[in-house]
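So the structure is just underneath, and the comments pick up after that.
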Amino acid sequence: MTDAPTKPVVARFCPSPTGNPHVGMARTALFSWAFARHHGGTFVFRIEDTDASRDNQESYDLLVDVMRWLGLDWDQGVEVGGPDGPYRQSERMDIYADVAQKLLDAGLAYKAYDSAEELEERRDAARAAGLPSGYDGLHRDLTPEQQAAYEAEGRQPVIRFKMPLKDWTFDDLVRGEITFGSENVQDFVIVRANGQPLYTLTNPTDDALMGITHVLRGEDLLSSTPRQIALYEAFAQIGVGDGTTPQFGHLPYVMGAGNKKLSKRDPESNLLGYRDQGFLPEGLLNYLALLGWSLPAVEGVERDVFSLADMVEAFEISRVNPNPARFDLQKCTAINGDHIRLLSGAELQERLVPSFQSAGLVSDPPTADETSLLAAAVPLVHERMALLNEAVDMLRFLFVDEADFVIDEADRAKQLDDKGLEVARAAREALGAIPETAEWSTPTIEGALRASLIDGLGLKPRLAFGPVRVAVTGSRISPPLFESIELLGRRRTFARLDAAL
RNA sequence: GCCCCGUUGGUCUAGCGGUUAUGACGCCGCCCUCUCAAGGCGGAGAUCGCCGGUUCGAAUCCGGUACGGGGUACCA
């Protein structure tokens, strides 16, 4: 299968605003976006909010917010507009009504009056007989008299699309040729009895009207593809769209723990949660890309940490793996750590500001002192973190008011026992002996401490510095000690050692 | 029931008829080292779901089968 479209690519992402944006959705958006960008095409962002009972504005806002955070920009769509708007289906109802009417007028769709009970009964019978259980086509060819009779009974009809009687074969962009037999693709409802259009109509209508050339979506929609192809062929007859049918590619699921699809309820699936935890959009996206796709090896060397730009350059839909992938938070976090290490110190510092602000350690906007302290402190933790929020915990001791400084009790017990206090006392003396006139710097601090604790007391380094670390930073785990002491400053360092003794 | 999709170490993944089956995350060990990381080195872990077939030769091609997933809605 080749991956060289002949006409300009127009791809789209068209979620329904129900609940929290989840990672599977982001993966679908990413692949569609990367596909469009790779081919220099257009990316459309449309919202499918045709079901008023499930859709809501808050969810819509979240969707827009998260797409912007991820950096998946769109050329046409909600918020930005475009030639084929509006891009919210709730604002396009007249269009769907018009298309449905045209389909009816052309004899490509029909009114069906079956009641829910009747349908269920026939469906059960078909199953029992080992037959496919879709609509049996009973009202396909009702005469006007029969229709009038049903209406006289007070029945409100749905509109069903009349599937041409033939087999349906298409070449899926990720799975290859797929065929559905005619008997398994029955007439489907496109407009509810109350006049509301359904996804089955709105989605292909918009794709046709917006000139979508490539439809990349979740594999849950694979079996509805024949219906959509049939609809496109009908559109060609009634003049909706340009008469062509897009190509389809069905992306595998992103699964959660166990073996089930990551659901919207699952906290691991909540995209905003990742932002709050301090994931970088490029880190999350990189990991998501790895779920079903990989950068081609260059001269036999595989690479799994890459930028969005790298992905755009290399993204071939034919390389997408058709099988579902389990989301692994640990690996996602590890990849994110790699991306953090790829950031310059200045970039990292900038991205860290919001985390420090929400922890109440830095004001909004940061003061000059806070900014310079951050600038000096960030290099200390840059390669020690996988998530932005981890920096807050590691550096809290530098930013916190003295009154709020606390020592972890478990660590105090382990390190500041009698022996440890003795070491801390020696450290306090050694540091206090550094002349006021001498620079309070990492080398001087290290020199003083080593001379006193290692050479003087004859301690192993880990035994020497542990108690000092706990007294000064509040934890057995901290950024490098001497640098930390330098940044803390003379006064605060002395105060903390004194307080610990 | 019927239809469709999928199946390579715990997880993700490379592989497109001939490899000691690739790499990553995780795990274990060692080195580095003031803690933790990062980094370096090494290791354990896969009879490529199973059975047949094609072929000199199959993870790769074909057929079946099992298991998992999806669809079968007046949800999307």
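Letters A, B, ... are given to chains in the order of the sequence lines, protein chains preceding strands, and every chain is numbered from 1. This one's a predicted model, so the numbers in the text were calculated from it and none came from an experiment.
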Would you say [X] places a side-chain N or O within less than 4.0 Å of OP1 or OP2 belonging to [N]?
X      : N      : result
A:N321 : B:rA14 : yes
A:R123 : B:rA73 : yes
A:R462 : B:rU33 : no
A:R476 : B:rC34 : no

Considering only atom [atom1], compute the distance from [N] to [M] and round it to an integer number of Å.
N      : M      : atom1 : result
B:rG45 : B:rG23 : C1'   : 15 Å
B:rC51 : B:rC36 : P     : 48 Å
B:rC67 : B:rU20 : C1'   : 31 Å

Expected rows: protein N/O vs nucleotides 29-31 of chain B N/O, under 3.5 Å:
none

For the side chain of [X], starting at C-beta, report the closest nucleotide among [options].
X      : options                : answer
A:N323 : B:rA76, B:rC12, B:rU13 : B:rU13
A:R384 : B:rC34, B:rA37, B:rA76 : B:rA37
A:R469 : B:rU35, B:rA76, B:rU11 : B:rU35
A:F465 : B:rC34, B:rC36, B:rU72 : B:rC34

Contacts of [X] that satisfy salt bridge (charged side-chain N to carboxylate O under 4.0 Å, His left out) - sequence neighbours left out:
X      : answer
A:D393 : A:R396
A:R476 : A:D411
A:R46  : A:E48, A:D206, A:D207

Those residues of residues 193-204 of chain A lying under 4.0 Å from RNA chain B by at least one heavy atom: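 Heavy-atom contacts with RNA chain B come from A:A193, A:L198, A:Y199.
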Using a 4.0 Å heavy-atom cut-off, does [X] contact any base of the nucleic acid, only the sugar-phosphate backbone, or nothing at all?
X      : answer
A:R217 : nothing
A:Y287 : nothing
A:V158 : base
A:T50  : sugar-phosphate
A:P480 : base
A:S294 : sugar-phosphate
A:E483 : base

Write down the distance between [atom1] ([X]) and [atom2] ([N]), rounded to a whole number of angstrom.
X      : N      : atom1 : atom2 : result
A:E446 : B:rU33 : CD    : P     : 12 Å
A:L295 : B:rC12 : CG    : C1'   : 15 Å
A:D187 : B:rU72 : CG    : P     : 15 Å
A:R319 : B:rC12 : CZ    : C1'   : 14 Å
A:L119 : B:rC74 : CG    : P     : 7 Å
A:Q186 : B:rG71 : CD    : C1'   : 11 Å

Shortest non-hydrogen contact between A:N336 and A:G283, atoms and distance: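 Heavy atoms of A:N336 and A:G283 come nearest at OD1-CA, 3.6 Å.
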Face-on cation placement of A:R319 at A:F315 ring, 6.0 Å and 45° thresholds: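 The answer is no, since A:R319 fails at least one limit relative to A:F315.
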Geometric cation-pi criterion A:R88 and A:Y60, 6.0 Å radius, 45° cone: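 So A:R88 does make the cation-pi contact.
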Side chains of A:N389 and A:S355, donor plus acceptor under 3.5 Å: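 Short answer, yes.
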A:R192 side chain to A:T50 side chain, donor-acceptor N/O pair below 3.5 angstrom: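 No.
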For A:S452, all residues meeting side-chain hydrogen bond (donor to acceptor under 3.5 Å, both in side chains), sequence neighbours excluded: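 Per chain and number, A:S452 pairs via side-chain hydrogen bond (donor to acceptor under 3.5 Å, both in side chains) with no residue.
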side-chain hydrogen bond (donor to acceptor under 3.5 Å, both in side chains) involving A:E383 - partner list, sequence neighbours excluded: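 Once residues adjacent in sequence are excluded, A:E383 has no partner under the side-chain hydrogen bond (donor to acceptor under 3.5 Å, both in side chains) criterion.
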Summary of side chain to side chain donor-acceptor pair (under 3.5 Å) pairs that have at least one residue in residues 126-138 of chain A, sequence neighbours excluded: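 Every pair satisfying side chain to side chain donor-acceptor pair (under 3.5 Å) with a residue in residues 126-138 of chain A: A:D114-A:Y135, A:R122-A:D136.
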Student check: side-chain heavy atoms of A:C332 and A:F279 closer than 4.5 Å: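 With C-beta onward as the side chain, the pair touches.
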Test your reading of the model: is there a side-chain donor-acceptor pair from [X] to the backbone of [Y], 3.5 Å cut-off?
X      : Y      : value
A:N286 : A:D304 : yes
A:R303 : A:L295 : no
A:H382 : A:L343 : yes

Dump every N/O contact between nucleotides 21-27 of chain B and the protein below 3.5 Å, one line per pair.
from, atom 1, to, atom 2, distance (Å)
B:rU22, O2, A:E302, OE1, 3.3
B:rU22, O2, A:E302, OE2, 3.0
B:rG23, O4', A:E302, OE1, 3.2
B:rA24, O4', A:D304, OD2, 3.2
B:rA24, O2', A:D304, OD2, 2.8
B:rA24, N3, A:K331, NZ, 3.1
B:rC25, O2', A:K331, N, 3.3

Complementary nucleotide of B:rC30, counting Watson-Crick and G-U pairs under 3.5 Å: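 Result: B:rG40.
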Opposite nucleotide pairing with B:rG1, Watson-Crick or G-U, both atom distances under 3.5 Å: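 Looking at the geometry, B:rG1 pairs with B:rU72.
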Most 5' of A:E383 and A:D114 on RNA chain B, judged by nearest nucleotide: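 Nearest-nucleotide comparison on RNA chain B picks A:E383.
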Which atoms of nucleotides 2-5 of chain B (N or O only) lie under 3.5 Å from a protein N or O atom, and what are those distances?
from, atom 1, to, atom 2, distance (Å)
B:rC2, O2', A:N184, OD1, 3.2
B:rC3, O4', A:N184, OD1, 3.4
B:rC5, O2', A:R175, NH1, 2.1

Side chain to side chain contact (heavy atoms under 4.5 Å, CB included) between A:R217 and A:T225, intermediate numbers included: CA-CA 11 Å; A:R217 44 158 36 165; A:T225 306; 3.2 Å; yes
Contacts of A:W440 that satisfy ring pair (Phe, Tyr, Trp, His ring centres under 6.0 Å) - sequence neighbours left out: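 Expected list: A:F494.
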Sequence-aligned protein contact record of nucleotides 41-49 of chain B, with B where the base is within under 4.0 Å of a protein heavy atom and S where only the sugar-phosphate is: ---------
Pairing of A:R425 and A:E422 as salt bridge, 4.0 angstrom limit: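 Answer for the salt bridge query: no.
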